[in-house]
2 protein chains.
Amino acid sequence: MTDDAIHDTETRLRLRIYFGDGAMLGPGKADLLERIRDTGSIAAAGRTMSMSYKRAWSLVEEMNKAFREPLVDSTRGGAKGGGAHLTEAGETVLSNYRKLEEITAEAGAARIGLIRSMLRDIPEGK
Amino acid sequence: MTDDAIHDTETRLRLRIYFGDGAMLGPGKADLLERIRDTGSIAAAGRTMSMSYKRAWSLVEEMNKAFREPLVDSTRGGAKGGGAHLTEAGETVLSNYRKLEEITAEAGAARIGLIRSMLRDIPEGK
DNA sequence: TTGCGATATGTTTTCCAAACCATAACTGGC
DNA sequence: GCCAGTTATGGTTTGGAAAACATATCGCAA
């Protein structure tokens, strides 16, 4: 890929979208979605980011309520106790958020670099 | 200006830059810088955003310590009790942050709009 | 029918950033 | 020599979010 120009550092740009009401989407929920997709479970996803199941679940609930169609579909019981997976809507939201991150990081690289260069301790390019 | 295509809504994209160490720059500090520039005083700036002087000052201190050159220069006593103003570095950081916001909002408008359109209650375009 | 692993949800406790309060120090002008 | 208005700091309090703890439920498989 073209992230050769952005071997950057530990410098990170995190963005959060605030919608009119209380709804918002940020790095936390995006990561959670991603891990749910990867693990197939809310509990497992939470574990990988050392987040309590309760918190993970409540974030999922928030998202499912905020969007017209739920982003996460979950089932209880069964062979492995149950599980969860991203819906079509969930995949769409996640991928768009990720792409948004990518776009902004690229578009703003120069300005970010400038600000970063003015710091007292320039964090060494890791 | 060209913000005709972005009469958007109350939907807002807020971004925060995390640097390697604890230093970070986000909407709060940017707003504070802007108001200090406009009012010529840390206290007045804080007042306009209903932020305690203490907090405003500690944010300023944080920034001044994080950057090689202080972003805010302040003086005590005198005719009007004192005051504060942005240094050259302060102006630079602020304007670059604002421009960064502008760029990202523009570059990501389509994706943001898509996600927003999937919300249950589409916040009416204000 | 018992057990397991996950979802689902309520209750209590903890913790920390922010708010609040209080005080000192500076300085030009009156 | 005070006064006004601000910068500069220290201490205490607290509101609210996150963590921690506690259950209940589900459904397949053995």
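The structure presented is a predicted model; accordingly, all values stated were derived computationally and were not measured. In the text below, chain A, chain B and the rest are named by the order of the sequence lines, each starting its count at 1.
- Atom P of nucleotide D:dA8 and atom CG of B:Asn64 are separated by 9 Å, given to the nearest angstrom.
- Between A:Arg76 and A:Ala79, it is A:Ala79 whose nearest contact on DNA chain C lies nearer the 5' terminus.
- In this structure, the CD1 atom of B:Ile42 is 18 Å from the P atom of D:dG5, given to the nearest Å.
- A sub-4.0 Å separation between OP1 or OP2 of C:dC21 and a side-chain N or O of B:Arg55 is absent.
- With rounding to whole Å, A:Met63 atom CE is found 16 Å from C:dA8 atom C1'.
- Between B:Lys80 atom NZ and C:dC26 atom P the separation is 23 Å, expressed in whole Å.
- Rounded to whole Å, atom C1' of C:dG10 lies 12 Å from atom CD of A:Glu61.
- Between the CG atom of A:Leu59 and the P atom of D:dA17 there is a distance of 13 Å, given to the nearest Å.
- Comparing D:dA19, D:dA8, C:dA8 by their nearest atom to the side chain of A:Ser74 picks out C:dA8.
- Positionally, the nearest nucleotide of DNA chain D for A:Ser52 lies more toward the 5' end than for the other of A:Ser52 and A:Gly78.
- In this structure, B:Arg47 places its CZ atom 17 Å from C1' of C:dC20, rounding to the nearest Å.
- Seen from the ring of A:Tyr18, B:Arg14 counts as a face-on cation partner, given the 6.0 Å and 45° thresholds.
- For the pair B:Trp57 and D:dA8, the criterion of a side-chain N or O lying under 4.0 Å from OP1 or OP2 is met.
- Following rounding to the nearest Å, A:Tyr53 (OH) and D:dA22 (P) show an atom-to-atom distance of 18 Å.
- Note that A:Arg116 lies outside the cation-pi zone of B:Phe19, set by a 6.0 Å cut-off to the ring centre and a 45° limit from the axis.
- Summarising the geometry of A:Leu32 relative to A:Ala56, their closest heavy-atom pair is CD2-O, 3.6 Å, with the distance given to 0.1 Å.
- Here A:Arg120 does not pair with B:Asp21 in a salt bridge; the nearest charged N to carboxylate O distance is not below 4.0 Å.
- When the side-chain nitrogen and oxygen atoms of B:Thr75 are compared with OP1 and OP2 of C:dC26, none of them lie within a distance under 4.0 Å.
- Below the 3.5 angstrom threshold, one finds a donor paired with an acceptor across the side chain of B:Lys54 and the base of D:dG10.
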Checklist entry - Does the side chain to side chain contact (heavy atoms under 4.5 Å, CB included) test come out yes or no for B:Arg68 and A:Leu119, once each step is laid out? => result CA-CA 5 Å; B:Arg68 185 166 297 106; A:Leu119 285 175; over 6 Å; no
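- Distance from the side chain of A:Ser41 is smallest for C:dT7 among the nucleotides C:dT7, D:dT7, C:dC21.
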